[in-house]
Amino acid sequence: MFCLCMQANNGIHQVINLNFGWQFHHGKADSKHLNAISDWRAIDVPHDFLIEQPWVAPDQNEKANNNDPAANRKSRLSSRGFKEMGQGWYRKTYIPEVSLRGKRIVLDFEGIMYVGDVFLNGERIGGTDYGYLGFDIDISKKLKYGQPNEIAVCASTMGPDDSRWYTGAGLFRDVRLLITDNDLYFSRHPLYITTQNNKQINVQAEVANFTKQDDVNLEIVILDAKGQVVAKSRKDYKFNRRMRTNELKLDSFQVVQPHLWSCEDPYLYTMQVSLYNKEGQLKDVVKQRFGIRTIEIGPDFGLRVNGKKVLLKGNANHHTLGALGAAAYPRAIEKRLQMLKSFGFNHIRTSHNPYSTSFLDKCDEMGILVVDEIYDKWLKQYTGGRKDWESTWPHDLPEWIKRDRNHPSVIMWSLGNELQTYASLPFGDWGVTPYRMMLPVLKRYDNTRKVTVAMHPRGRNWDTDSLPCDLAMITDVQAYNYRYMYFPGDGKRFPWMTFYQSEANNTMMGPNFFAMNLDKVMGLAYWGMIDYLGESMGWPAKGWTQGAFDLSLQPKPKAYLLKSMFLPDTPVVQIGIVDKAANSTEWNGITFKNDEMTDHWNRTLGEKYNVNVYTNAEKVVLMVNGKKVGEQFNTKDPNGRNRLLFKDVNYEPGYIEAIAYINNNVVARQKIETTGEAKKLKLIADIENWKADGQDLQHIRIQAVDSKGRRVYAANNDLMFKVEGDARIIAVDNGNLYSNELHVANHRHLYNGSALVILRAGKTPSKITLTVTSKDFKTQKITLKTL
């Protein structure tokens, strides 16, 4: 049994990390008889138990049983990643010191996927019906002080139809214990920081007061990024004791020569607010990072940040992190954002639910603009599946807004996604009444940002298709999924509308960007630019395969079309050779038709290939073994801009090269050589400063290379992994969503000559050695250190 013992210092707010030392059991259980279970195993949070489960292959004859829901259970699992739905149990022992009696002790969960129940010593004490949002439970009066207490959590995926994608399962985000005095303290998500005119800082603090005093003393300190004090005040504030919690408007501050937050320079300040009693004793402290910036949204310019036009160049993906499943590791989030930013992305839409706090923290730090979305459909089926949505949103909405409202990266709220085909929405008016109900609640907690709902691509007005849907007529921003072609007509008839392409189809990548009036629209978010688990178009694919980056974060050739669009001042040229012509596939009412491409030059002698070249240069010359095989000029036509197609290029061993020109000067070139046979394995670590904090990750890329060190795409050898030192393997991958190999394992085949091992650091600084073996290659090792 794992035991957690701790002592709190009198009078000071403590946050204790409870992510470590849990026990886990997969399956159903009785909360009062957990000790009867024998197969508990040790895990640390964050943890996704669904990613560990075997794949559930559909029966070949299931399509013939369309009227039999039970027969189609497995095929319905395609949206959930072909994983079996179920329950998982977690438990942990906590022994509170006797000296803590009389303190306020709060158990805080950032989320339990997909719904969850929390037990203390066998008694249910709380839970969640929508696991994307957090909650806390005051356990002060239920603890046995000086004795072992068992904290247990039951997490359920609910049924296959209770989500449209892979949700993951379990304690997938942080768990904490908070200890304060019980008579005077800050409430949950207590600070609300706003800025005006890029100078004035306003702050509100929510305080709980169970004393007899009619005022409270608060000190506010604002620190710059170097920790220097830029503003400070301390004074008494009147407190209305008829309400035990008050939202107190505190002093405003004028910052001299403020350092503004922007995408290019994401500068962050820190506010620290301290709470004292009338005797001058420190009772509680809270800190919050924030940025000073202005956001303007309007029909004539789209989006401005600090008065400067900014075009959203974004990605809309689910919250999961590839081979890690739903487990919200800050380093995995950071790695994705770094990759996207290097390709010119500056925006994420959190489709279709709140991401983790660590995600927003990283966006704050890296200058990524966020459209923060809370729901998919406003239906029980897609908001947990356990309670009606009408009964849960009044709790969900304040928690979401109060949690996220201080992040400068968040520029707009989205209340839902693609509602317009659901006549079953509450009140029977296609979402208009629910939106109007939620809006004042949202504005109650934040009135600084505009609000939207992503509109379904096929859902226009139900009386006439020539008009926008009813919701589009009342939202602050008109967010259309895929239907950018409606912007000109709708804008002409309704000049007050501001347009945002909340999902863009990667089949139309290029036209759906360049055909918009980029001076007036907010921008776009491409759907699923990183492959993900779930929403499979059919077995054996375990998920979405239409992205520009594979599941292991390797860019596909088409990713460079995005880079050429998003970074117009950076010369880009990239070859993509068609391996297989696209089959037209309809998904969610949208046609996807993408050629399968790779960028290697080991082909079949005598065959001809179609070669795509993605570039933002004026002209490209294509060479094979030094001989010119074609020359093409770029075009301003949105349908072909930055995409040059050279048809029927003869394959000859040697090399193929694309040379890009501007004003007849070479600005970029890419040369792809025919490789020899794979001779050895190459191991590449992704970070140097690997922290021994128990949660930091190391992504190690393994490539098969020839005698000249060139990656060999044909290599598909089986690899075995072993780690020594205080770290462990938590996931393996190769980007192949058609593979039947599991992501939680110690082996993986190469795919396109590549594989990935993800290591989780322990808490003891040490030397870490990863050993990779294969019957086809000499054993290779890489040695790293955690600090």
Side-chain angles (χ1 to χ4, degrees), residues 313 339 342-345 506 509-511 513-514 548-549 554-582 594-676 703 705-714 752-754:
K313 295 176 280 192
M339 178 192 71
S342 72
F343 277 77
F345 287 81
N506 66 353
M509 189 187 293
F513 180 76
F514 291 120
F549 304 88
Q554 295 257 79
K556 302 176 187 178
K558 204 165 187 178
Y560 292 88
L561 174 56
L562 289 166
K563 188 172 185 177
S564 74
M565 294 156 43
F566 289 172
L567 296 174
D569 297 327
T570 300
V572 172
V573 66
Q574 172 69 33
I575 296 170
I577 301 153
V578 177
D579 298 310
K580 182 181 179 182
N594 290 298
D595 292 334
E596 294 181 18
M597 290 180 287
T598 48
D599 56 353
H600 67 82
W601 197 236
N602 286 61
R603 303 286 168 172
T604 303
L605 191 63
E607 292 290 325
K608 295 182 178 182
Y609 294 87
N610 288 343
V611 177
N612 290 284
V613 178
Y614 301 117
T615 187
N616 49 19
E618 294 175 352
K619 181 180 73 172
V620 166
V621 173
L622 189 67
M623 313 280 287
V624 173
N625 296 332
K627 298 177 182 179
K628 181 177 175 180
V629 297
E631 174 181 303
Q632 291 191 35
F633 287 85
N634 211 338
T635 176
K636 296 298 182 181
D637 181 351
N639 292 312
R641 187 170 175 179
N642 290 17
R643 300 181 299 159
L644 308 180
L645 175 60
F646 295 83
K647 292 185 176 181
D648 297 329
V649 176
N650 284 311
Y651 171 67
E652 299 175 8
Y655 70 86
I656 186 170
E657 184 176 22
I659 307 171
Y661 293 82
I662 295 178
N663 294 326
N664 290 320
N665 295 314
V666 175
V667 294
R669 64 201 310 157
Q670 185 194 18
K671 185 177 184 179
I672 303 173
E673 297 178 328
T674 303
T675 66
Q703 292 182 347
V705 297
D706 67 5
S707 59
K708 295 183 178 180
R710 300 171 299 190
R711 176 178 167 188
V712 180
Y713 277 72
N752 285 333
S754 174

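Counting from 1, the numbers follow the sequence of the chain as shown. A quick note: this is a predicted structure, and the numbers were derived from the prediction, not measured.
A donor-acceptor pair shorter than 3.5 Å can be found between the side chains of T598 and D579. With 3.5 Å as the limit, one finds no donor-acceptor pair spanning the side chains of N634 and N616. Between the side chains of N642 and S564, a donor-acceptor pair is found at a separation under 3.5 Å. Side-chain atoms of Q574 and T615 form no donor-acceptor pair, as typed in the model, at a separation below 3.5 Å.
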I'd like to know whether R711 forms a side-chain contact (heavy atoms from CB on, under 4.5 Å) with N752, so could you lay out the CA-CA distance, the side-chain angles of the two residues, the decisive distance to 0.1 Å, and finally the verdict. CA-CA 9 Å; R711 176 178 167 188; N752 285 333; 3.7 Å; yes
Checking side-chain contact (heavy atoms from CB on, under 4.5 Å) for the pair V705/R710: CA distance, chi angles, key distance, verdict? CA-CA 5 Å; V705 297; R710 300 171 299 190; 5.8 Å; no
side-chain contact (heavy atoms from CB on, under 4.5 Å) assessment of N506 paired with N594: CA-CA 8 Å; N506 66 353; N594 290 298; 3.1 Å; yes
What verdict does the side-chain contact (heavy atoms from CB on, under 4.5 Å) test give for V649 and V624, after you've listed the backbone C-alpha separation in whole Å, the side-chain angles of each residue and the deciding distance to 0.1 Å? CA-CA 9 Å; V649 176; V624 173; 4.0 Å; yes
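The shortest distance between side-chain heavy atoms of P653 and Y651 falls below 4.5 Å. In this structure, M565 and F513 have side chains that are in contact, with non-hydrogen atoms separated by less than 4.5 Å. A heavy-atom distance below 4.5 Å is not found between the side chains of Y614 and V573. Counting heavy atoms from C-beta outward, M509 and K558 have side chains that approach closer than 4.5 Å. Using a 4.5 Å heavy-atom cutoff, the side chains of I575 and N612 are not in contact. Side chains of E657 and Q670 form no contact here, defined as non-hydrogen atoms less than 4.5 Å apart. Inter-residue side-chain proximity for D648 and N610 is flagged as met; some heavy-atom pair is nearer than 4.5 Å. A 4.5 Å side-chain heavy-atom check between I656 and M623 finds every atom pair outside the cut-off.
Rounded to the nearest 0.5 angstrom, L561 CG and F343 CZ are separated by 11.5 Å. The CG atom of N665 lies 9.5 Å from the CD atom of E618; values are rounded to the nearest 0.5 Å. Taking CG from D595 and NZ from K556, the interatomic distance works out to 12.5 Å, rounded to the nearest 0.5 Å. Taking CD of Q632 as the start and CG of L645 as the end, the distance is 7.0 Å to the nearest 0.5 Å. Between the OG1 atom in T570 and the NZ atom in K563 there is a gap of 7.0 Å [rounded to 0.5 Å]. Expressed to the nearest 0.5 Å, how far CG of L644 lies from NZ of K619 amounts to 12.0 Å.
In terms of heavy atoms, P638 sits closest to F514 at CB-CB, 3.9 Å. In plain terms, the two heavy atoms of A617 and A660 that are nearest each other are CB-CB, 3.6 Å. Listed here is the closest heavy atom pair of A658 and V620: CB-CG1, 4.2 Å. A pairwise comparison of heavy atoms in G630 and F646 identifies C-CE2, 3.6 Å as the closest pair.
Figure legend: K313 and F345 shown without cation-pi pairing, the cationic atom not lying both under 6.0 angstrom from the six-membered ring centre and within 45 degrees of its axis. Annotation: cation-pi pair R603/Y609 present, NZ/CZ under 6.0 Å from the ring centroid and within 45° of its normal.
Side-chain atoms of Y560 do not come within 3.5 Å of backbone N or O of G576 as any donor-acceptor pair. With Y713 contributing its side chain and T675 its backbone, the two residues share no donor-acceptor pair below 3.5 Å. Side chain of D637 to backbone of N639: a donor-acceptor contact under 3.5 angstrom is found. At least one donor-acceptor pair under 3.5 Å links the side chain of D706 to the backbone N or O of K708.
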